[in-house]
Amino acid sequence: MSFGENLKSELNPEQYKAVTTTDGAILIIAGAGSGKTRVITYRIAHMLEKGIPQSQILALTFTNKAAKEMSDRIKELTGRKLQNLTVSTFHAFGVRILRQDIDKLGWRPNFSIYDETDRSALIKETGRELRFTPDALDVYAIGNLFSDIKTGRRNWNGDNDAYRELYEGYQEGLKLYNAVDFDDLIVLPIRLFKEHPEVLQSYKDRYKYIMVDEFQDTSHQQYEMMHLLADKNVAVVGDDDQSIYSWRGADYQNIVNFEKDFPNVTEIRLEQNYRSTETILAAANGVISHNTNRKDKSLWSGNGNGRPIEIYMPENEAAEADFIAESILGICAEEKRKYDEFGVLMRANTQSRAIEESFLENNIPYTISGGMSFFERKEIKDVISYLRVIANHDDDINLLRIINTPRRGIGRSTIEALNKVAADLSVSLWEAMQAIISAPEEQCPVTEATKANIEAFTAIIENNKNMLSGKGLSKKVHALVDEINYFDYLIAEYPKSEKAARFKYMNIESLIKSMEMWENNPEHEDTSLYAYLNRITLLSRDDLDDGEEDKGKVNVMTVHASKGLEFPVVFIAGAEEGLMPHMRALQDGGDVAVEEERRLFYVAVTRAQNRLIISSCLHRRRQQATVECEPSRFLDEIPENLVKYHEPSKELGAEDAHEMLQNMLKNFSRPRVPKL
DNA sequence: CGTCTCCAGGTTTTT
DNA sequence: CCTGGAGACG
């Protein structure tokens, strides 16, 4: 049976219209659980069946996970190989554009992509050169400021003007090191399109059908990128009630812009919810109706009432965690459910600690997304830094990370000398090293011994340039790790714990293993070092742990990470004032911020299919002190008749605490093997 | 001049 | 636990 024979019977009338309206500008308002993914994938499959070439279709998403899921499902539906269909995240699409034409903007195509850690390092580095006093440098806040400036969310004014010079230095640094930051991946393609209309035209000639998922989370830049590319056939799918990324520049007002910018927009609303019980949906509607300034919609479901929403008020976060663990065990037995049918949602990653403790104690398998990701681990970053420098010698930030790791006698003063040469000649550190190596002895600013150390380092990089071409990347990386004796370095670094050193070495082996799997995957045609580096910088936390490994495990995650997912049973932990809504958000956001926090709570509630269990602690440890907590204001917004309160149960004895902690530490930060 | 040791602090959400 | 910085030591 081929796709499309029975479209009408497989879809409701609105869905059918959304799938079959392929021409013109279309705005699809898709409420939570209304079968959005189904509509998008059917829509593309339908276009392909109609004979539209794959190459003319561009689908933009926010996460790699969403992109992958989308193409997998289209493949399944159509039974075709997808060779020319572009399903990509905005950022990955930006990278593709830049690799092609960034030379027109003055970068070279082997540019590095800087993540937040690299950005902070560059800010610190630039600040040092410009002699900013260290305590005036809150690199975290300044990084955010720079991001806001670059994307037009903030302007220079009396308050932040002091950082203007630093910003310019930062930008010069990026260019000198042949690097771009995350914002550049959107901002630079726009610049390219505007300054070089012929480049834009080539993309417009190719892509005739554009689709954007999670449209409520587009930033102004992303919108502009889409607007520049889009001719007339453009479909955007979103839900203003689920806009939860405004702190990253998302603005659901883009929905309004869309209606203005594209004439004759066809608006389609998907309001039938296939996911949740009436009770859960009524609770969600009750909460979200407190927001002003939203597109009015009425979600309905034909799924029956189901159980009331359960609210429990445990003494503290340990009791909360035990309650969740025990409830899971109980429900598993009672309703014959498997562990992977549960989702435990929280506002902040720090909440996971208590929950993990209790799950370990109760032998409940779980996967956790969030916290430190695999690629943020020091040992992984070290290896990757080598690869980046091999790919782009001028990448000073990554070069500085590894120049003396493992120790090779290049310390502070040598680096200072290198910096001086680099500044005098206006070149990167790599060039400065070349200059020093070839300088005659009497003009050399460093001793012969130091010079030898520098040469030893550059030799490693030169010797591994064979990674840039040919096959067998993972083998070559393995050889590099051996060459630099990284394992010995780890042993020396962690003298107290050989176990820690071994653990870290195992992480590196996992990295190499995943690299091997990646290069052996026949779907990946380009297995060059460049392709690999592209791939991993844009991976996000939740792209890592998918697949078989997580089968049969309880899903613990932040509410942000849960968007787009659903679980038969959902726990929301920490529904307290100060956490949900979060006090940081309240401090610097006012009413607008409360509305976003409310949407976040709405997202959490609408993840649940059958049962929703919410807990709100009476006390919670915050940093060193235990503070008293009040239930979240959002709980009061759930219609009372839908709710059942639990009696508080007795607190668990404290004598197990020690053992619990030991258990936890033993299993703390297990390696998560990335799947590429 | 580089390395080792001791101490402080840990950021809401993340492409 | 884990990282980065300051200051002492070889």
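Atom CD of A/Glu376 is separated from atom P of B/dT15 by 10 Å (rounded to the nearest Å). The CD1-C1' distance, from A/Ile403 to B/dT3, rounds to 16 Å in whole Å. Taking atom NZ of A/Lys378 as the reference point, atom C1' of C/dC1 lies 15 Å away to the nearest angstrom. Atom CH2 in A/Trp247 sits roughly 12 Å away from atom P in B/dT12 (whole-Å rounding). We find that NZ of A/Lys381 is positioned 17 Å from P of C/dC2, with the value rounded to whole Å. In this structure, A/Arg599 atom CZ and B/dT13 atom P are separated by 18 Å, rounded to whole Å. Here the P atom of nucleotide B/dT13 and the CG atom of A/Leu586 are 15 Å apart, to the nearest Å. Between the CE atom of A/Met583 and the P atom of B/dT13 there is a distance of 13 Å, given to the nearest Å.
Residue-level contact check: A/Phe62 touches the backbone only, with heavy atoms under 4.0 Å from sugar-phosphate atoms and none from bases. Among the atoms of the strands shown, only primed sugar atoms or phosphate atoms (P, OP1, OP2) are found under 4.0 Å from some heavy atom of A/Lys124. Backbone-only contact: A/Asn404 has heavy atoms under 4.0 Å from sugar-phosphate atoms and none from a base.
Under the stacking criterion of a centre-to-centre distance below 5.5 angstrom and an interplanar angle below 30°, A/His91 is not stacked against the six-membered ring of B/dT15. With its ring centre under 5.5 Å from that of the base six-membered ring and a plane angle below 30°, A/Tyr140 counts as stacked on B/dT11.
Rounded to whole Å, the separation between the C1' atoms of C/dG4 and B/dT11 comes to 16 Å.
Between A/Lys451 and A/Glu441 there is no salt bridge, since no side-chain nitrogen of the basic residue lies less than 4.0 Å from a carboxylate oxygen of the acidic one.
For the pair A/Asn64 and B/dT15, the criterion of a side-chain N or O lying under 4.0 Å from OP1 or OP2 is not met. The side chain of A/Thr558 contributes an N or O atom lying less than 4.0 Å from OP1 or OP2 of B/dT14. Listed pair A/Thr414 / B/dG2 meets the phosphate criterion, a side-chain N or O lying under 4.0 Å from OP1 or OP2. Put simply, A/Asn144 has no side-chain N or O that comes within less than 4.0 Å of OP1 or OP2 on B/dT11. Contact check, A/Arg407 against B/dC4: a side-chain N or O comes under 4.0 Å of OP1 or OP2. Taking side-chain N and O atoms only, A/Tyr494 has a distance below 4.0 Å to OP1 or OP2 of C/dT3.
Annotation: cation-pi pair A/Arg154/A/Phe146 absent, no NZ/CZ under 6.0 Å from the ring centroid and within 45° of its normal.
Comparing A/Arg412 and A/Ala585 by the nucleotide of DNA chain B whose heavy atom lies nearest to each, the residue mapping closer to the 5' end is A/Arg412. Residues A/Thr89 and A/Arg408 both approach DNA chain B. Their nearest nucleotides, taken by heavy-atom distance, put A/Arg408 toward the 5′ side.
Distances from the side chain of A/Arg347 to the nucleotides B/dT14, B/dT13, B/dG2 place B/dT13 closest.
Ring centers of A/Tyr489 and A/Tyr486: under 6.0 Å apart, within the cut-off.
Side-chain atoms of A/Gln222 come within 3.5 Å of backbone N or O of A/Ser219 as a donor-acceptor pair.
Ring planes of A/Phe182 and A/His91: perpendicular class, angle over 60° (limits at 30 and 60°).
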Return a table of donor-acceptor pairs under 3.5 angstrom between the side chains of residues 410-417 of chain A and protein atoms on other chains or two or more places apart.
none

